[in-house]
Amino acid sequence: GENVEQHPSTLSVQEGDSAVIKCTYSDSASNYFPWYKQELGKGPQLIIDIRSNVGEKKDQRIAVTLNKTAKHFSLHITETQPEDSAVYFCAASPGGSQGNLIFGKGTKLSVKP
Amino acid sequence: KAGVTQTPRYLIKTRGQQVTLSCSPISGHRSVSWYQQTPGQGLQFLFEYFSETQRNKGNFPGRFSGRQFSNSRSEMNVSTLELGDSALYLCASSPGRAGSDQPQHFGDGTRLSIL
């Protein structure tokens with residue numbers, strides 16, 4: 001079955017710097033890759049997603065890139081702010097009739113003012 | 001538009017008991033998926049319900065079950081609770097069957113503690 005690996009597990013940056021989180025997946029049939037942000041005491045919040053027919057997608061300070069050949073995708077956050085501090089999860093959907101999400105283990109991002 | 005609502009937020013049970021958790025999806029969403037989140041295993045898929053039918057199931061024992069009602073609200077039941085069932089249980093909804101054109105939106109979860 002699908003397996004998603006996420007790196008790094010922790011990331012500390014200065015306010016204003018960029019942050020990059022990387023994920024790899026194993027199932028070439030996976031066709032949907034969302035990213036979630038989880039703050040303490042809250043559920044995961046969808047922040048951006050990308051489908052397998054697209055190589056890059058941007059939404060203000062957040063961007064995601066997908067390399068289907070290498071089976072990896074990345075989250076880029078520019079001009080980080082203290083409120084970006086949270087745990088970020090990548091996920092992959094196996095596609096077909098199985099729309100369930102396979103999650104990475106998460107990255108704890110700390111943005112220091 | 002109201003988000004996904006899960007009740008209760010916190011629950012404490014003892015080993016051997018059973019528990020029922022509730023999820024109200026976003027208005028108009030017909031698919032509800034359940035996930036278990038633990039520090040060791042991370043986020044793991046339990047099952048998906050769509051049109052009152054279980055459509056997909058993860059690798060969990062039969063003690064974990066669920067159902068969906070005609071108004072798309074869903075309940076999850078865990079019988080004969082074990083210490084290892086302590087976790088945050090998350091519900092996610094999407095307009096149609098969960099998949100690439102149907103992003104899943106999560107509630108804030110039910111924190112279940114087993115004593």
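Here is the naming used below: chain letters follow the sequence lines, and residue numbers restart at 1 for every chain. It should be emphasised that the depicted structure is a prediction, and the values quoted were computed from it without experimental measurement.
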*Do Q38(A) and L88(B) pass the side-chain contact (heavy atoms from CB on, under 4.5 Å) test, and can you show the C-alpha distance, the side-chain angles, and the key distance before you say yes or no?*
CA-CA 13 Å; Q38(A) 188 173 26; L88(B) 180 66; 4.0 Å; yes
(Q) Could you check whether any side-chain N or O of K105(A) sits under 3.5 Å from a backbone N or O of L43(B), counting only pairs where one atom can act as donor and the other as acceptor? (A) no
### Query
Would Y88(A) and V64(A) show up in the same hydrophobic cluster when neighbours are defined by side-chain heavy atoms closer than 4.5 Å?
yes
- prompt: Are F103(A) and F45(B) an aromatic pair by the rule of ring centers under 6.0 Å?
  reply: no
**Request:** Assess whether side-chain contact (heavy atoms from CB on, under 4.5 Å) is satisfied between Y35(B) and L101(A), documenting all intermediate values.
**Result:** CA-CA 9 Å; Y35(B) 293 80; L101(A) 298 173; 3.5 Å; yes
Value for NZ (K57(B)) from CG (N100(A)), rounded to nearest 0.5 Å, stands at 12.0 Å
In short, P103(B) meets L46(A) closest at the heavy-atom pair CB-CD2, 3.6 Å
Please check: side-chain N/O of Y36(A) versus main-chain N/O of H105(B), any donor-acceptor pairing under 3.5 Å? no
Heavy-atom count check: over 12 atoms from other residues, nucleotides or ligands less than 6.0 Å from Q60(A) CD?
no
Bottom line for R111(B): the part with an atom under 4.5 Å from chain A's heavy atoms is neither
Same apolar cluster: V19(B) and L46(B), side chain cutoff 4.5 Å:
yes
L83(B) atom CG, neighbour heavy-atom count above 12 within 6.0 Å: yes
The interface call for Q37(B) against chain A, heavy-atom contacts under 4.5 Å, is side chain
- Does atom CG of N59(B) have more than 12 heavy-atom neighbours, drawn from other residues, nucleotides or ligands, at distances under 6.0 Å? no
task = Measure the shortest side-chain to side-chain distance between L90(B) and P44(A) over non-hydrogen atoms and say whether it is less than 4.5 angstrom.
result = yes
Residue from G107(B), S94(B), S33(B), G3(B) scoring the most non-hydrogen pairs under 4.5 Å with chain A is G107(B)
(request) For atom NZ of K13(B), decide whether the heavy atoms of other residues, nucleotides or ligands shown that lie under 6.0 angstrom number more than 12. (result) yes
Count the heavy atoms of every other residue, nucleotide or ligand shown that sit under 6.0 Å from CD of E79(A), and state whether that count exceeds 12. no
message = For the CZ atom on R63(B), are there more than 12 heavy atoms of other groups (residues, nucleotides or ligands in this structure) within a distance under 6.0 Å?
response = yes
